[in-house]
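Here is the structure we will look at.
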Amino acid sequence: MLEIRPACENCNKKLPPDSAEARICSYECTFCAECVETVLDNVCPNCGGGFTSRPIRPANNWKGDNFLGTNPASTTIKHRPVDRAEHGRFAAKVKRIPPHER
Ligand SMILES: [Zn+2]
Ligand SMILES: [Zn+2]
């Protein structure tokens, strides 16, 4: 199950569970859309994978208690700002490869 982390790991912008700006990699490293585009070049600084939109967990109990009320979003902030120079060197080679071929 996704943790649904509460903020962008780079800029610490709040990313509530209903945010349309949240992006995650396959390990659920979590960033805002702006950081993914302007800082990360769609390269996760931790694993090198690409990002996708984070799904929104329903706030309402539509079926079987599978909703935020039963499985709330994480409140543990992971703020570890990216070193832009270091990431630039790392992403330079990786960003040219489409995520599905990395
Ligand atoms: Zn951000
Ligand atoms: Zn990652």
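If you read the sequence from its start, that first residue is 1, and numbering goes on from there. For ligands, and for the atoms within them, numbers begin at 1 and follow the listed sequence.
Residues I56 and S19 fail the side-chain proximity criterion, which asks for heavy atoms closer than 4.5 Å. The shortest side-chain heavy-atom distance between R84 and V39 falls under the 4.5 Å cut-off.
Salt bridge status for E9 with K78: absent, with no side-chain N to carboxylate O gap under 4.0 Å. Comment: E21 does not engage R54 in a salt bridge, judged by the lack of any side-chain N to carboxylate O separation of less than 4.0 angstrom.
Angle SG(C11) to the Zn ion (ligand 1) to SG(C35): 110° [nearest 10 degrees]. Taking the Zn ion (ligand 1) as the corner point, the angle from C32 atom SG to C8 atom SG is about 120° (rounded to 10 degrees).
Protein atoms of type N, O or S found under 2.8 Å from the Zn ion (ligand 2) total 3.
For the side-chain contact (heavy atoms from CB on, under 4.5 Å) criterion with R5, the lone passing option out of T76, I77, T30 is T30.
Put simply, the side chain of H79 never gets that close to the backbone of C11: no donor and acceptor are under 3.5 Å apart.
Taking CG from N61 and OG1 from T70, the interatomic distance works out to 6.0 Å, rounded to the nearest 0.5 Å.
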